[in-house]
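First the proteins, then the strands, lettered A, B, ... as listed; each starts at 1.
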2 protein chains.
Amino acid sequence: MARTRHRSLDCSPGCAVEATLQLIDGKWKGVILYHLLDEVPEPEGALRFSALRRRMPNVTQRMLTNQLRELEADGLVHRTVYAEVPPRVEYRLTARGRSLAPVIRALKAWGDAHATPEASPEAGSRAA
Amino acid sequence: MARTRHRSLDCSPGCAVEATLQLIDGKWKGVILYHLLDEVPEPEGALRFSALRRRMPNVTQRMLTNQLRELEADGLVHRTVYAEVPPRVEYRLTARGRSLAPVIRALKAWGDAHATPEASPEAGSRAA
DNA sequence: CATCACGGTATCCTTTTCGACACTAGGGGC
DNA sequence: GCCCCTAGTGTCGAAAAGGATACCGTGATG
């Protein structure tokens, strides 16, 4: 459902850049990875579906499921389903997913440093 | 023409990640930035339009122009037009653009390390 | 019995993105 | 006069990404 970002990898060395970008592209994947990576203090950083939903209220479950599935397909997150009565599903990063840490951190660092000046004029009081 | 990646910055801290991603999102921007950043040994790393085209043969000029314009609008690249007979236009990173270096490098490093297993088996002889 | 919680799915529709292709300007070369 | 070069621009249309909304099963609760 995603996977459009150039199928012909003919961009010489820049290819690696695109290949990585391709994995975290998808409007919400970056944030999901971020939450799974740094937001969770637990050793494994597992979050259940509803927890992720709470962290991203404006993402529909369809989209969240979707992005999560793509991340899973790309081997970045692992999905654990517990056959319980109120369904419980946990998502956690795989080793491959965790290896993206430097990338996500770089992304976050830049965003923090450059503060998205033209982006959110209404932000500024969001007591994160 | 781009600029869809969530307008409501309500993703708490993950927001910074998305904000950054937003700038390098766009199918070719990552590669363009990469070329402008590391591919060019010159002090400023200026590349003219045709040079970029040569580096990315499968991008149409319309798209290349487009991405370049967006990067310019985001203050990441600077466009210099020389009023010469065969038009000459050079693109180079702005300071802001250059500040993305760690991000691009992280992206490239990951891509190299994880070798895009399903991508191009013909790569492998480049150490850049 | 009706309702809620949880984690999805299915369907439909709109917005955005991308790609193909053609056309322009204007000096130089033949 | 005609074609080539560079760096675009314009238009058209297809496809994808994303969003809204509704529905599913099941055990506990009221």
Side-chain angles (χ1 to χ4, degrees), chain A residues 1-8 10-11 18 21-32 36 46-74 77-92, chain B residues 1-11 18 21-32 35-36 46-74 77-92:
Chain A
M1 219 165 180
R3 218 67 327 135
T4 319
R5 249 193 132 77
H6 68 97
R7 63 295 283 156
S8 49
D10 42 12
C11 35
E18 263 300 312
L21 230 23
Q22 183 172 293
L23 296 178
I24 57 185
D25 176 45
K27 195 161 191 180
W28 300 109
K29 293 198 198 161
V31 205
I32 293 175
L36 250 22
L47 280 179
R48 45 192 301 189
F49 191 78
S50 49
L52 279 168
R53 282 251 278 165
R54 259 186 297 282
R55 279 170 172 73
M56 300 141 83
N58 51 336
V59 188
T60 59
Q61 48 299 57
R62 184 187 160 323
M63 259 304 109
L64 186 52
T65 305
N66 211 314
Q67 304 284 287
L68 248 6
R69 287 284 148 75
E70 288 187 14
L71 289 171
E72 194 193 359
D74 285 332
V77 309
H78 179 68
R79 180 165 173 263
T80 314
V81 183
Y82 296 89
E84 297 173 2
V85 179
R88 183 158 65 99
V89 178
E90 281 184 358
Y91 291 92
R92 72 190 61 213
Chain B
M1 218 169 179
R3 218 62 336 126
T4 319
R5 251 191 131 76
H6 66 97
R7 63 294 285 155
S8 49
L9 287 299
D10 43 10
C11 36
E18 263 301 310
L21 231 22
Q22 183 172 294
L23 297 178
I24 56 185
D25 177 45
K27 197 161 190 181
W28 301 108
K29 293 200 197 157
V31 207
I32 294 176
H35 284 308
L36 251 22
L47 280 180
R48 47 190 302 189
F49 191 77
S50 49
L52 279 167
R53 281 250 279 165
R54 258 187 297 284
R55 280 169 172 74
M56 300 140 82
N58 51 335
V59 188
T60 59
Q61 52 295 55
R62 186 183 159 322
M63 257 304 108
L64 186 52
T65 305
N66 211 313
Q67 303 283 288
L68 248 6
R69 286 285 148 75
E70 288 186 14
L71 289 171
E72 194 192 359
D74 284 332
V77 309
H78 179 69
R79 180 164 172 265
T80 314
V81 183
Y82 296 89
E84 297 174 1
V85 179
R88 183 159 63 101
V89 178
E90 281 184 356
Y91 291 93
R92 69 189 63 214

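The shortest distance between the side-chain N/O atoms of A:Lys27 and the OP1/OP2 oxygens of C:dT16 is not below 4.0 Å. Distances shown here put a side-chain N or O of A:Ser50 below 4.0 Å from the OP1 or OP2 atom of C:dG7. Proximity of B:Arg69 to the phosphate of D:dG8: a side-chain N or O atom is located under 4.0 Å from OP1 or OP2.
Between A:Ile32 and A:Leu68, the shortest heavy-atom contact is CG2-CD1, 3.7 Å. Taking every heavy atom of both residues into account, A:Glu18 and B:Lys27 meet most closely at OE2-O, 3.2 Å. The shortest non-hydrogen separation linking B:Tyr91 to B:Arg69 is OH-NH2, 4.2 Å. The two residues B:Lys29 and B:Ile24 come nearest to each other via the heavy atoms CB-O, 3.7 Å. In terms of heavy-atom proximity, A:Leu64 sits nearest to A:Val59 at N-CG1, 3.8 Å.
If you run side-chain contact (heavy atoms from CB on, under 4.5 Å) between B:Leu47 and each of B:Glu90, B:Arg92, B:Arg55, only B:Arg55 comes through.
When the C1' atom of C:dC6 is taken as reference, atom CG of A:Leu68 falls 14 Å away, rounded to whole Å. Here the C1' atom of nucleotide C:dT9 and the CG atom of A:Leu64 are 14 Å apart, to the nearest Å. If you measure from atom CE of A:Met63 to atom P of C:dA10, you get 14 Å, rounded to the nearest angstrom. One interatomic measurement links the two molecules: CD of B:Gln67 to P of C:dT16, which rounds to 16 Å at whole-angstrom precision. Rounded to whole Å, the distance from CZ on A:Arg48 to C1' on C:dG8 is 13 Å. The distance between atom CG of B:Asn66 and atom P of C:dC18, rounded to the nearest whole Å, is 8 Å. Straight-line distance from the CD atom of B:Glu84 to the C1' atom of D:dT6: 11 Å, rounded to whole Å. Atom CG of A:Leu52 and atom C1' of C:dC6 are 14 Å apart (whole Å).
Counting any heavy atom pair closer than 4.0 Å across all strands shown, B:Arg53 reaches no nucleic acid atom.
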* Nucleotide by nucleotide, 5' to 3', does protein get under 4.0 Å of the base (B), only the sugar-phosphate (S), or neither (-) in nucleotides 20-30 of chain D, counting heavy atoms? -> B----B-S---
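A:Asn58 places a side-chain heavy atom less than 4.5 Å from the side chain of A:Trp28.
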